[in-house]
Structures are given as C-alpha cells and as structure tokens.
Amino acid sequence: MLLVTGGAGYIGSHVALELRRLGRDVVIFDDLSRGHRDLAGDSVLEVGDLKDISRVREVFARYTFDGVLHFAAKSLVGESMAEPLDYYRNNLVGTTNLLAVMKEHGVGRLVFSSTAAVYGEPETVPIVENAPKKPTNVYGDTKWFIETMLQNLNRAYGLRSVSLRYFNAAGADPGGSVGEDHTPETHLIPIALDVALGKREKLMLYGSDYPTPDGTCVRDYVHVSDLAQAHVLALERLEVGKAECEAYNLGNGKGFSVLEVLEAVRRITGCPIPVESAARRAGDPAVLVASSGLAENVLGWKQEFADIDVIVKTAWEWHKARA
Ligand code: UDP
C-alpha cells in the first residue's frame with residue numbers, strides 16, 4: 001500500500017493515477033483545500049490535514065504503508081511572499097508531522113515533491129542538481145528546508161528518500177481523467193486557456209523587462225504525465241534499496257519565454273489571447289531551465305510529451321472538458 005499526500009491535487013493526482021494503472025494500491029491523504037475529490041479517482045481518499053498529527057496517526061494505524069509520495073503543500077510563489085507564516089506552518093509543520101509518524105510506523109521510503117524554486121536566481125543555466133540553493137521566495141525556502149531535513153533524517157534514522165525538483169509542471173493526462181484545476185488559478189497556461197475560453201478578458205504579463213531575449217521570464221515546461229513517470233522510477237529505485245537520499249531535476253531542458261508560451265496557446269486554441277503588461281511578480285527569477293541529465297542517466301527517465309504544443313494541447317483538451 002502506498003500513501004500519496006496531496007493526491008487530489010494537480011501533480012499528486014497524475015502520480016496516483018499512474019500508480020493505479022500499474023496495479024498499485026493507493027491511499028490519498030488530502031485536506032481538499034486546493035485539491036478536488038473527483039481527482040482522487042478510484043483511490044481510497046482520507047480527508048485530513050497533515051498539521052493535525054492525530055489524524056495522520058489515525059491513517060497510519062489503519063493501513064500498512066510500504067512508502068509515501070508526499071505532495072501536500074502550499075505551492076504558490078506570490079502567495080508565499082504575501083503569507084510567509086502560513087507557508088512555513090503548512091509546509092514545514094505538515095511535513096514534520098508526516099515524517100514523525102512515518103518513523104513511528106517504520107515507514108522508510110519517501111518520494112518528495114520538491115521544486116526548481118530551491119535554486120533561486122541561478123548563476124548558470126541549465127541548472128544542475130549541485131548548483132547553489134538560494135531560494136528567492138518562501139515557497140522554495142520551505143521545500144529546501146525539507147530537503148535538508150531529509151538528509152539529516154537519512155543520517156539519523158536511515159530514512160530513504162528521493163526528492164524530485166520540478167520545473168514548470170504543465171499539461172494534463174492525455175486520457176483526460178485528471179488535469180490542472182486550481183482555485184485561485186495563478187499559472188500561465190491555464191490562465192491563457194481561460195482567456196481562450198472567454199472566462200477571462202486578458203492575461204496580465206508579469207514583467208517585460210527581464211534580462212531575457214524578449215524581456216519576459218523563461219521557464220522550463222515539463223508535462224505532468226512525464227513527471228508522474230519519474231515518480232514511479234524514483235519509488236522503484238527506493239524499493240530496490242538503491243537510493244539513500246537523492247535529488248533529481250525534472251524539466252524539459254528547453255526554456256520558453258512567456259510570450260513563446262502564449263504563441264503556442266494561440267496556435268493550439270486559434271484564439272487571440274489579449275495581453276496587458278503589468279509589474280514583475282515578487283520572487284520570480286528571470287530564467288529557470290533544468291538539466292535533467294541525472295534523472296535520465298540514473299533513473300532512466302524519458303520524456304514522452306516534451307513538445308510545448310503537445311503540453312498545451314493536452315491542457316486545452318482538459319480545460320475545455322472541465323469548463
Ligand atoms: N505569468 C504571467 N502572467 C500570469 C501568470 C504567470 O506573466 O497570469 C508568468 C510568471 O511571471 C512566470 C511564468 O509566467 O514568469 C510562469 O508562471 P507560473 O505561475 O505558471 O509558474 P511559476 O514559474 O511561478 O512556477
């Protein structure tokens with residue numbers, strides 16, 4: 001049995017789906033604050049908040065877990081800058097409780113949902129795993145703190161973990177069962193698709209004076225189903241006892257500016273997508289592009305949906321169906 005915290009959210013639901021497709025038994029633990037009951041699909045859903053340790057203990061007493069995949073966290077850069085205490089409490093207290101209860105029950109395998117935000121403003125791109133960790137926002141700060149905790153817990157108690165540092169997760173399951181549905185929505189592609197659907201009038205372009213070729217931020221968009229595959233590979237690596245405490249970048253290796261993404265959205269939807277220039281968003285680095293060579297070489301990760309048009313198209317299919 002596997003526990004997927006945050007499995008009713010965007011990335012967690014794709015991972016839980018992939019695990020179910022592989023015949024694994026999955027229990028989802030989610031407080032449904034940002035997740036959706038229907039995204040849990042056929043998995044058992046335990047509604048609860050990781051900050052409530054007695055509730056976590058109750059769930060661990062009910063099932064025997066072989067491993068945990070931990071996604072439950074607040075994950076919005078802008079919100080983390082405005083509400084830092086909320087982020088520290090939610091992400092750090094929640095994770096500490098989870099790790100404590102895993103220890104109580106002798107559950108020694110964890111796949112942790114980390115982020116490119118641990119690097120902050122990178123000195124060189126593409127970013128490799130041992131690049132300096134200097135988060136420029138509170139969200140990234142909480143994730144890096146947890147990665148450091150995992151190193152210390154490995155030394156002290158032998159907890160084995162793989163942290164996966166995603167760049168910009170995008171797209172949706174090509175089968176259409178799960179996809180991205182945030183309230184409030186803050187991410188570029190779903191907002192652009194809302195404009196295409198007529199649900200919003202225009203997209204606010206956060207900063208056009210970055211030191212990039214067209215002045216807008218460059219990001220590395222990686223398909224969420226490819227991310228899901230990497231989690232399965234990470235879990236398998238833990239299950240055969242190969243990993244002690246490891247971290248891998250997961251990205252496309254190719255950067256797209258905000259304007260290039262909007263061009264892809266126009267191509268796929270056939271809609272004009274009006275844009276209005278706005279100030280930079282606090283905490284946004286100019287360029288984030290991954291080197292995913294380590295995940296490819298060590299985990300054997302291969303992307304299936306690396307094309308930006310395919311990423312936008314799967315997101316568009318989901319978005320239209322969900323509207
Ligand atoms: N962005 C934008 N307008 C929006 C949403 C996002 O210009 O309405 C920009 C944002 O500043 C960033 C990029 O699009 O440079 C990707 O942002 P997103 O929130 O999707 O992901 P993040 O990089 O924060 O994880």
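Atoms within a ligand are numbered from 1 in the order they appear, just like the ligands themselves. This one's a predicted model, so the numbers in the text were calculated from it and none came from an experiment. All residue numbers refer to positions in the sequence shown, counting from 1.
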Inset, instruction - List the closest protein heavy-atom neighbour of atom 1 (N) of ligand 1: residue, atom name, distance to the nearest 0.1 Å. - result: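 Looking only at protein heavy atoms, the one closest to atom 1 (N) of ligand 1 is Tyr206 CD1, 3.8 Å.
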Inset, instruction - Going by heavy-atom distance to atom 14 (O) of ligand 1, choose the closest among Val195, Asp194, Asn168, Val258. - result: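 That would be Val258.
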Inset, instruction - Take every heavy atom of Tyr221, measure it against each atom of ligand 1, and state whether any distance is under 4.0 Å. - result: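 The answer is yes, since Tyr221 has a heavy atom less than 4.0 Å from ligand 1.
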Inset, instruction - Could you tell me whether Lys313 atom NZ has more than 12 heavy atoms of other residues or ligands within 6.0 Å of it? - result: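 Check fails, neighbour count at 12 or below.
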Legend entry - Phe145, CZ atom: more than 12 neighbouring heavy atoms under 6.0 Å: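 Incorrect, the count does not exceed 12.
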Pull out every atom of ligand 1 sitting under 4.0 Å from any heavy atom of [X], numbered as shown with elements.
{"X": "Leu205", "result": "7 (O)"}
{"X": "Ile191", "result": "8 (O)"}
{"X": "Cys217", "result": "15 (O)"}
{"X": "Met204", "result": "2 (C), 3 (N), 4 (C), 7 (O), 8 (O)"}

Legend entry - Asp284 and ligand 1 - part of the residue with a heavy-atom distance under 4.0 Å: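 Side chain only; the backbone of Asp284 stays clear of ligand 1.
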Inset, instruction - Ignoring angles and geometry beyond distance, decide whether His187 reaches within less than 3.5 Å of ligand 1 through its nitrogen or oxygen atoms. - result: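 In this structure, His187 places no N or O atom under 3.5 Å from an N or O of ligand 1.
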Legend entry - Salt-bridge contact Asp209-Arg280 (side-chain N to carboxylate O under 4.0 Å):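 Judged by the 4.0 Å cut-off on N to carboxylate O distance, Asp209 and Arg280 do form a salt bridge.
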Legend entry - Pair Glu83 + Lys74, salt bridge at N-O below 4.0 Å: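 Looking at Glu83 and Lys74, the cut-off is not met.
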Inset, instruction - Mind listing the closest non-hydrogen atom pair of Ser113 and Lys143 along with its distance? - result: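 The answer is O-NZ, 2.7 Å.
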Inset, instruction - Rounded to the nearest 0.5 Å, what's the gap from SG on Cys271 to CH2 on Trp316? Could you check? - result: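 Going from SG on Cys271 over to CH2 on Trp316, the span is 5.0 Å.
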Legend entry - Spacing of CG belonging to Leu99 relative to CG belonging to Leu110, to within rounding of 0.5 Å: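 Spacing of CG (Leu99) from CG (Leu110) equals 6.5 Å.
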